[in-house]
Amino acid sequence: MYRDYHAEQSMWKDLNPTAKRQAMKLTYNFVMKDGVAFDPETGEIVTDRLHVEPVIKASQLKGYEVKKELRQHEEANGGYVFAFFYQLQAIEQRFPSLTQSDLARLMFIGTYATYNEGKPNHCYLAHDNGVRIDKRALGVLLGMRSRNKYAEFYGKLIDENILAELPDGLAVNPTVFYRGENLTNVKGDYQYTRLFRKTVRELYAKFDGRSIKKLGVIYAVLPYVNFNYNFLCRNPHEVKDGKIETLKLKDLADALGYDDYKHLIKTMNEIKFDDKPVFLFVNNAEDRRSSKVIVNPDVIYAGNGKHLKAIKILFN
């Protein structure tokens with residue numbers, strides 16, 4: 001069997017002292033006491049003569065590689081924020097006052113959520129250099145030319161309880177966007193996915209004016225993205241491919257408020273970055289409305305990394 005010694009060594013370095021001792025005991029016949037190795041038959045101290053080679057199962061090595069690839073994917077796309085939503089509930093039902101253009105701007109705003117250290121339970125808005133973003137700075141960041149339209153949009157964010165004006169800055173509702181590890185701070189029956197900061201910002205810079213509305217589709221489809229395979233479906237938590245119910249384009253169009261599913265297809269086809277599509281269509285020759293729609297994991301990804309490589313190949 002092929003052995004990846006480099007990966008094994010890397011994994012060995014990542015093990016904590018307890019795990020290392022357990023691995024050593026599996027490989028050699030000795031007894032550990034107070035950090036010293038003894039020959040169980042003679043009682044001789046053999047610590048200085050031990051050559052440690054960890055015994056790592058193929059499944060452990062594969063799991064390590066999957067996690068490593070997921071970390072590299074996250075870093076390559078500028079890190080991520082968690083975007084929260086109710087499964088299979090249209091975003092417009094949660095935020096009824098927001099238009100599709102508003103959703104695009106909201107998604108962009110989310111990428112500026114600061115990393116949460118545990119206290120308080122919300123994230124502030126800040127530039128990458130740490131400078132907090134206030135109301136005026138947010139308007140500049142969004143690039144909205146009309147002061148009246150920005151004032152209207154900002155008012156919606158406050159009224160919908162998405163942003164809160166605190167004495168030390170603008171805070172993001174943690175049930176909308178959260179950046180950090182302690183997800184126990186987030187209350188409620190929400191689902192969440194990774195929203196990648198670099199990619200979303202690149203898309204926002206590419207679309208402006210009237211075209212910004214198109215980007216709202218990305219945020220709008222979050223409740224329908226399967227957690228394992230990143231395609232749109234009716235049962236996002238299903239892990240077995242054969243049991244996943246593909247969401248027909250006509251039904252998706254209805255859920256997103258499109259009168260004609262062909263208009264939705266046109267919009268989704270136009271959303272690209274680096275000449276790569278955000279939405280990939282796997283056509284059903286018999287019924288185009290039943291085509292499978294896969295979302296580019298460089299933009300949105302909720303999985304554990306197991307199928308990430310295969311999904312990325314489709315877009316490359």
Participant: Once side chain to side chain contact (heavy atoms under 4.5 Å, CB included) is applied, do any residues pair with Lys213, and if so which ones, sequence neighbours excluded?
Facilitator: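 By the side chain to side chain contact (heavy atoms under 4.5 Å, CB included) rule, Lys213 matches Gln100, Ser101.
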Participant: CZ of Arg179 to CG of Asn116: how many Å apart, nearest 0.5 Å?
Facilitator: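 Going from the CZ atom of Arg179 to the CG atom of Asn116 covers 11.0 Å.
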Participant: Applying ring pair (Phe, Tyr, Trp, His ring centres under 6.0 Å), can you list everything that pairs with His127, at least two apart in sequence or on another chain?
Facilitator: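 His127 satisfies ring pair (Phe, Tyr, Trp, His ring centres under 6.0 Å) with no residue once adjacent residues are dropped.
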Participant: Using the rule given for side chain to side chain contact (heavy atoms under 4.5 Å, CB included), can you reason through Leu138 versus Ile109, listing the C-alpha separation, both sets of side-chain angles and the distance that settles it, and then say yes or no?
Facilitator: CA-CA 8 Å; Leu138 181 60; Ile109 290 172; 3.9 Å; yes
Participant: Please identify each residue that fulfils ring pair (Phe, Tyr, Trp, His ring centres under 6.0 Å) with Tyr301, with sequence neighbours left out.
Facilitator: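 With neighbours one apart ignored, the set is empty.
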Participant: Just wondering, do Leu249 and Val293 contact through their side chains at under 4.5 Å, heavy atoms?
Facilitator: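 Val293 reaches Leu249 side chain to side chain.
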Participant: Check Leu215 against Ala104 and note the closest heavy-atom contact, atom names and distance.
Facilitator: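 In terms of heavy atoms, the two residues are closest at CB-CB, 3.6 Å.
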Participant: Name all residues meeting the salt bridge (charged side-chain N to carboxylate O under 4.0 Å, His left out) criterion together with Arg194; count only those two or more places apart in sequence or in a different chain, and write none if there are none.
Facilitator: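 Result, salt bridge (charged side-chain N to carboxylate O under 4.0 Å, His left out) vs Arg194: Glu74.
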Participant: Just verifying a value: how many Å separate Ser291 OG and Leu252 CG, rounded to the nearest 0.5 Å?
Facilitator: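 Rounded to the nearest 0.5 Å, the OG-CG separation comes to 12.0 Å.
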Participant: Using ring pair (Phe, Tyr, Trp, His ring centres under 6.0 Å) as the criterion, list what pairs up with Phe231, not counting sequence neighbours.
Facilitator: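 Testing Phe231 for ring pair (Phe, Tyr, Trp, His ring centres under 6.0 Å), a comparison that skips the adjacent residues, returns none.
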Participant: Counting C-beta onward and ignoring hydrogens, is there a side-chain heavy-atom pair between Met268 and Leu264 closer than 4.5 Å?
Facilitator: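 Sidechains of Leu264 and Met268: in contact.
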Participant: Please determine, by modelled atom types, if Asn173 and Thr175 share a side-chain donor-acceptor pair under 3.5 angstrom.
Facilitator: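 Checked: Asn173/Thr175 side chains pair up, N/O donor to acceptor below 3.5 Å.
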Participant: Would you please indicate if the ring centroids of Tyr124 and His122 are separated by under 6.0 Å?
Facilitator: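 Yes, the ring of Tyr124 comes within the 6.0 Å limit of the ring of His122, centre to centre.
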Participant: I need the minimum non-hydrogen distance between Ala90 and Ala255, along with the two atoms involved.
Facilitator: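 That would be CB-O, 3.9 Å.
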Participant: Would you mind writing out the side-chain donor-acceptor pairs for residues 155-166 within the sub-3.5 Å range, not counting sequence neighbours?
Facilitator:
unit_1, atom_1, unit_2, atom_2, d
Lys156, NZ, Ser97, O, 3.2
Lys156, NZ, Asp102, OD2, 2.8
Glu160, OE2, Ser97, N, 3.1
Glu160, OE2, Ser97, OG, 2.7
Glu165, OE2, Tyr154, OH, 2.5

Participant: For the residue pair Phe279 and Phe281, is the inter-centroid distance of their aromatic rings smaller than 6.0 Å?
Facilitator: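 No, ring centres 6.0 Å or more apart.
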Participant: Identify, with sequence neighbours excluded, every residue that meets ring pair (Phe, Tyr, Trp, His ring centres under 6.0 Å) alongside Tyr190.
Facilitator: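 Tyr190: ring pair (Phe, Tyr, Trp, His ring centres under 6.0 Å) contacts with Tyr86.
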Participant: Do the side chains of Val176 and Arg94 get nearer than 4.5 Å, heavy atoms only?
Facilitator: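 Of all side-chain heavy-atom pairs linking Val176 with Arg94, at least one is under 4.5 Å.
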Participant: Report yes if some heavy atom in the side chain of Phe273 is under 4.5 Å from a heavy atom in the side chain of Val299; otherwise report no.
Facilitator: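 When only atoms from C-beta onward are counted, Val299 and Phe273 do touch, with a gap below 4.5 Å.
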Participant: So which of Tyr178, Tyr80, Phe82 actually passes ring pair (Phe, Tyr, Trp, His ring centres under 6.0 Å) with Tyr192?
Facilitator: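 Going through the options one by one, the only one that passes is Phe82.
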Participant: Give me the atom names and distance for the closest heavy-atom approach of Leu88 to Pro236.
Facilitator: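 Of all heavy-atom pairs spanning Leu88 and Pro236, the closest is CD2-CD, 4.1 Å.
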Participant: Determine all donor-acceptor pairs shorter than 3.5 Å in which one atom belongs to a side chain in residues 195-208; sequence neighbours excluded.
Facilitator:
unit_1, atom_1, unit_2, atom_2, d
Arg197, NE, Thr111, O, 3.1
Arg197, NH1, Gly78, O, 3.1
Arg197, NH2, Asp128, OD1, 3.0
Lys198, NZ, Glu202, OE2, 2.9
Thr199, OG1, Asn77, OD1, 3.2
Thr199, OG1, Asp298, O, 2.7
Arg201, NE, Thr111, OG1, 3.1
Arg201, NH1, Asp128, OD1, 3.3
Arg201, NH1, Asp128, OD2, 2.8
Arg201, NH2, Thr111, O, 2.7
Arg201, NH2, Asp128, OD1, 3.3
Tyr204, OH, Leu142, O, 2.8
Lys206, NZ, Lys272, O, 3.0

Participant: Tell me whether Tyr115 is reachable from Phe177 by hopping between hydrophobic residues (I, L, V, M, F, W, Y) whose side-chain heavy atoms are closer than 4.5 Å.
Facilitator: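 Different hydrophobic clusters.
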Participant: Show the nearest heavy-atom pair for residues Val221 and Ile218, with the distance to one decimal.
Facilitator: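 Looking at all heavy atoms of both residues, the closest pair is CG2-O, 3.2 Å.
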Participant: Between Leu280 and Pro277, what is the shortest heavy-atom contact and its length?
Facilitator: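 Smallest heavy-atom distance, with atoms named: CD1-CG, 4.4 Å.
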Participant: Determine yes or no for a side-chain-to-main-chain donor-acceptor pair under 3.5 angstrom, with Asp260 supplying the side chain and Lys262 the backbone.
Facilitator: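 Yes, Asp260 side chain to Lys262 backbone: donor-acceptor pair under 3.5 Å.
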Participant: Quick one: salt bridge (charged side-chain N to carboxylate O under 4.0 Å, His left out) partners of Glu270, sequence neighbours excluded?
Facilitator: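 Salt bridge (charged side-chain N to carboxylate O under 4.0 Å, His left out) check on Glu270 returns Lys214, Lys266.
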Participant: Could you name each residue pair satisfying side-chain hydrogen bond (donor to acceptor under 3.5 Å, both in side chains) that touches residues 215-236, not counting sequence neighbours?
Facilitator: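 Listed by first then second residue: Arg234-Asp251.
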Participant: Drop me the distance from Gln191's CD to Gln87's CD, to the nearest 0.5 angstrom.
Facilitator: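 Spacing of CD (Gln191) from CD (Gln87) equals 5.0 Å.
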Participant: Please table the atom pairs, donor to acceptor, closer than 3.5 Å between any side-chain atom in residues 305-316 and protein atoms at least two apart or in another chain.
Facilitator:
unit_1, atom_1, unit_2, atom_2, d
Lys312, NZ, His73, ND1, 3.4
Asn316, ND2, Lys312, O, 3.2

Participant: To the nearest 0.5 Å, how far apart are OH in Tyr112 and SG in Cys123?
Facilitator: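 These two atoms lie 15.5 Å from each other.
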Participant: My understanding is that only residues two or more places apart in sequence, or in another chain, count here; which of them pass salt bridge (charged side-chain N to carboxylate O under 4.0 Å, His left out) with Lys248?
Facilitator: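 Testing Lys248 for salt bridge (charged side-chain N to carboxylate O under 4.0 Å, His left out), a comparison that skips the adjacent residues, returns none.
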Participant: For Asp168, is there any backbone N or O sitting under 3.5 Å from a side-chain donor or acceptor partner on Arg132?
Facilitator: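 Here the side-chain-to-backbone pair exists.
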Participant: So, taking the atom named CG in Leu103 and the one named CD1 in Ile212, what distance separates them when rounded to the nearest 0.5 Å?
Facilitator: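 Taking CG in Leu103 and CD1 in Ile212, the distance rounds to 11.0 Å.
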Participant: If you round to the nearest 0.5 Å, how far is CD of Gln72 from CD of Glu65?
Facilitator: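 One finds 8.5 Å between CD of Glu65 and CD of Gln72.
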Participant: Please examine the side chains of Lys135 and Tyr150, heavy atoms only from C-beta on, and report whether any two atoms are closer than 4.5 Å.
Facilitator: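 Answer yes - side chains close enough.
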Participant: Any heavy-atom pair between the side chains of Leu70 and Asn304 that's under 4.5 Å?
Facilitator: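 With C-beta onward as the side chain, the pair stays apart.
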Participant: How about Ile91 and Pro223: do any of their side-chain heavy atoms sit closer than 4.5 Å?
Facilitator: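 Yes; the side chains approach each other to less than 4.5 Å.
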Participant: Please determine whether side chain to side chain contact (heavy atoms under 4.5 Å, CB included) holds for the pair Val225 and Thr193, giving the CA-CA distance in whole Å, both sets of side-chain angles, and the decisive distance to 0.1 Å.
Facilitator: CA-CA 9 Å; Val225 181; Thr193 187; 5.8 Å; no
Participant: Are the side chains of Glu238 and Glu245 in contact, using a 4.5 Å heavy-atom criterion?
Facilitator: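 Heavy-atom side-chain distance check fails, nothing below 4.5 Å.
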